[in-house]
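Working notes, beginning with the structure itself.
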Amino acid sequence: MSMWTMIFLVVLVGCAYSAFEAWLKHRTKAARVAPADDRLRAELDELRTRLQTLEAIVTDDGYDLKRRIDDLEPPRSRSVG
């Protein structure tokens with residue numbers, strides 16, 4: 001084996017090791033982020049469900065009718081005791 005072949009192999013192994021090390025760091029970082037990501041997705045789904053419920057309540061005809069009835073009632077006066 002010539003000297004240049006040996007130098008080439010050493011450089012190649014060094015680059016391969018460096019690439020493997022970077023991939024390993026990325027993989028461990030992604031594994032730590034995944035649980036937080038799942039938690040945020042679950043919270044977002046919960047908020048979407050709550051928003052859909054509120055939209056259904058507000059757009060319901062009964063809600064509008066109750067608001068109109070409340071607007072017709074005179075304000076209650078406080079009795080001074």
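- Note that the CH2 atom of W23 and the OG1 atom of T28 stand 10.0 Å from one another [nearest 0.5 Å].
- Taking CG of L12 as the reference point, atom OG1 of T5 lies at 12.0 Å (rounded to 0.5 Å).
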- Begin with the C-alpha distance, continue with both residues' side-chain angles, and end with the deciding distance and a verdict on side-chain contact (heavy atoms from CB on, under 4.5 Å) for V11 and F8. CA-CA 5 Å; V11 170; F8 174 76; 5.9 Å; no
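- R41 and D37 are joined by a salt bridge, as a carboxylate oxygen and a charged side-chain nitrogen come within less than 4.0 angstrom of each other.
- Considering CG of L54 and OG1 of T49, their distance stands at 11.0 Å, rounded to 0.5 Å.
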